[in-house]
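The structure appears below as structure tokens.
As the structure lists them, so they are numbered: ligands from 1, and atoms in each ligand from 1.
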Amino acid sequence: MSQVILSGIRATGRLHFGNFLGAVQNFVKFQEQIDATCMYFVADWHTLTTLKDPEVLRSNLIEMIKDYIAAGLDPNKSIIYTQSSIPEIAELALYLSMFQPINELNLIPTYKELVRKNPDQVSLGLLSYPILMAADILGPRATMIPVGEDQIPNVELARSLAQRFNRRFGEIFVIPEMMEQMIKVPGLDGNKMGKSDNNSIEIGAPMNIIGKLYMKKGITDPERKHLMDLGDPYNRCKSVYGIHELITQDEKDLRVIANKCMKAEISCVECKKILVESIAKILIPFQEKRKELTDKDDYVSEILYEGGKRARSIIAKTVAVVRDKMGIVLYS
Ligand code: ADP
Ligand code: TRP
């Protein structure tokens with residue numbers, strides 16, 4: 001069976017370094033596999049669960065596609081589209097919802113977290129978020145879903161919905177897998193980098209700003225109060241060493257940084273400087289490419305129309321089978 005790699009990101013704003021490393025860089029790697037169909041989309045319906053300003057949503061979406069392309073996604077190698085261009089996804093979510101116990105939805109950690117933060121803004125759309133996500137995944141019969149760690153429960157739910165449906169109707173859906181190695185990119189405070197957590201690095205930010213942010217807010221080993229205190233990069237420096245570990249290509253360079261920290265031969269400021277240089281190596285080429293796309297909204301629309309058509313023809317085939325299995329006949 002040929003591979004179908006699929007992933008999406010909500011249009012909540014420009015990408016940050018967490019979703020750039022944790023998700024988009026993997027999207028780009030997979031697109032080089034010749035025997036795989038790669039499908040990457042912006043989950044604009046999912047965005048509506050938290051973002052209410054239509055103008056902001058429209059503009060975020062276009063800017064994010066520019067980020068995708070500048071990061072290396074190639075419309076000739078990947079199908080790039082928006083979720084809402086494919087009404088069959090919403091239709092499939094409706095069919096899938098018939099197989100989904102509500103209790104399980106109440107237990108999804110990302111949902112619980114949002115309920116905890118905003119108990120008075122809990123909509124049905126938010127509760128059923130994972131069902132729509134399952135439709136995103138099962139519609140194109142995706143085999144592999146590259147996402148960050150936080151999305152595991154949602155993908156698990158898609159897997160179990162597919163299994164339930166298949167038990168009832170036969171092998172209609174493919175059971176999607178997750179990547180073996182998922183990463184969690186730490187933010188400035190050492191917790192998972194996230195848009196709404198005030199700890200993220202915007203991938204479009206100038207290098208001097210990124211440098212200042214790390215100098216001011218990047219939390220290093222809290223027990224290394226003086227230069228001569230020995231550091232513990234592995235266990236106590238989640239924010240700065242945590243990123244070194246993810247982006248320093250050469251194992252030897254990484255060990256040198258860790259050893260110097262443990263022997264107090266390098267200060268946290270120096271360590272942050274090295275980090276910002278490594279980040280610059282990744283982000284400057286991205287930013288240069290991104291600048292070329294600034295006023296290319298028409299080009300982005302063309303990519304999305306083309307991608308939307310291709311994705312829709314794939315998804316519509318699955319949904320036609322599902323309709324048939326469930327006894328639905330269209331009379332229009
Ligand atoms: P955010 O959590 O900032 O709102 P999104 O929910 O839009 O980010 O995430 C989009 C994709 O990026 C998902 O696959 C998610 O798992 C991944 N991702 C987001 N933040 C991180 C992070 N800090 N580390 C690794 N992956 C991440
Ligand atoms: N829930 C994902 C996130 O917050 C976005 C998403 C929606 C997604 N549908 C998907 C990711 C399907 C992978 C596959 O990042």
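The ligand atoms of ligand 1 that sit less than 4.0 angstrom from a heavy atom of G22 are 25 (C), 26 (N). Using a 4.0 Å cut-off to heavy atoms of Q151, the atoms of ligand 1 that qualify are 16 (O). Near A23, meaning under 4.0 Å from one of its heavy atoms, ligand 1 places the atoms 11 (C), 12 (O), 14 (O). When each atom of ligand 1 is checked for a heavy atom of K184 under 4.0 Å away, the hits are 24 (N), 25 (C). For ligand 1, the atoms closer than 4.0 angstrom to any heavy atom of G194 are 3 (O). Per-residue contacts place H46 under 4.0 angstrom from the following atoms of ligand 2 (heavy atoms of the residue considered): 7 (C), 9 (N). Each of the following atoms of ligand 2 lies closer than 4.0 Å to a heavy atom of V147: 11 (C), 13 (C).
With respect to the salt-bridge test (charged N to carboxylate O, under 4.0 angstrom), the residues K296 and E302 do not qualify. Between K273 and E270, no side-chain nitrogen of the basic residue sits less than 4.0 Å from a carboxylate oxygen of the acidic one, so the salt-bridge criterion is not met. Taking the charged nitrogens against the carboxylate oxygens, D229 and R224 have no contact shorter than 4.0 Å, which rules out a salt bridge. In summary, E202 and R290 do not engage in a salt bridge, as defined by a charged side-chain N under 4.0 Å from a carboxylate O. Ionic pairing of K289 and E292 is not present here: no N-O contact between side-chain nitrogen and carboxylate oxygen is shorter than 4.0 angstrom. Taking 4.0 Å as the cut-off between side-chain N and carboxylate O, E63 and K66 count as a salt-bridged pair.
Distance check: M64 CE to R10 CZ gives 10.0 Å after rounding to the nearest 0.5 Å. Note: M193 CE to S239 OG = 8.0 Å, rounded to the nearest 0.5 Å.
An N or O contact shorter than 3.5 Å links G148 to ligand 1 by distance. At under 3.5 Å, a nitrogen or oxygen of H16, whether backbone or side chain, sits near a nitrogen or oxygen of ligand 1. Any N or O atom pair closer than 3.5 Å counts here, and Q83 shares no such pair with ligand 2. The distance criterion of under 3.5 Å between nitrogen or oxygen atoms is not met by T12 with respect to ligand 1. Remark: ligand 2 and Y129 share an N or O pair separated by less than 3.5 Å (distance only, no angle test).
The main-chain N or O of V329 is never found under 3.5 Å from a side-chain atom of R323 such that the two would form a donor-acceptor pair. No donor-acceptor pair closer than 3.5 Å links the side chain of S128 to the backbone N or O of I131.
Protein heavy atom in closest approach to atom 10 (C) of ligand 1: I9 CG2, 3.6 Å. Scanning all protein heavy atoms for the shortest distance to atom 27 (C) of ligand 1 gives G18 O, 3.7 Å. Nearest to atom 9 (N) of ligand 2 among the protein's heavy atoms is D136 OD2, 2.7 Å. In terms of protein heavy atoms, atom 25 (C) of ligand 1 is closest to I183 O, 3.1 Å. The closest protein non-hydrogen atom to atom 6 (C) of ligand 2 is G8 O, 3.6 Å. Nearest protein heavy-atom contact of atom 4 (O) of ligand 1 is K195 NZ, 3.9 Å. Distance from atom 19 (C) of ligand 1 to its nearest protein heavy atom, with residue and atom name: N19 CB, 3.9 Å. In this structure, the protein non-hydrogen atom closest to atom 2 (O) of ligand 1 is K192 NZ, 3.0 Å. Here the heavy atom of the protein found nearest to atom 20 (N) of ligand 1 is M193 O, 3.4 Å.
At a threshold of 4.5 Å between non-hydrogen side-chain atoms, the residues D35 and S2 do not count as touching. Contact of the I137 side chain with the F173 side chain is not registered, since no non-hydrogen atoms from C-beta on lie closer than 4.5 Å.
Of the heavy atoms in Q151, only side-chain atoms (C-beta onward) come closer than 4.0 Å to ligand 2. Heavy atoms of T110 found under 4.0 angstrom from ligand 2: none, in either backbone or side chain. Of all the heavy atoms of W45, none lies under 4.0 Å from any atom of ligand 2, so neither backbone nor side chain is involved. Contacts of I145 with ligand 2, taken as heavy-atom pairs under 4.0 Å, involve the side chain alone.
With distances taken over non-hydrogen atoms, the option nearest atom 16 (O) of ligand 1 out of V147, D150, N199, V185 is D150.
Of the options Y40, F41, F27, a side-chain contact (heavy atoms from CB on, under 4.5 Å) to I9 is made by F27 and by none of the others.
Ring planes of F169 and F165: tilted class, angle from 30 to 60°.
Nearest heavy atom pair, residue A162 against residue V174, reads CB-O, 4.3 Å.
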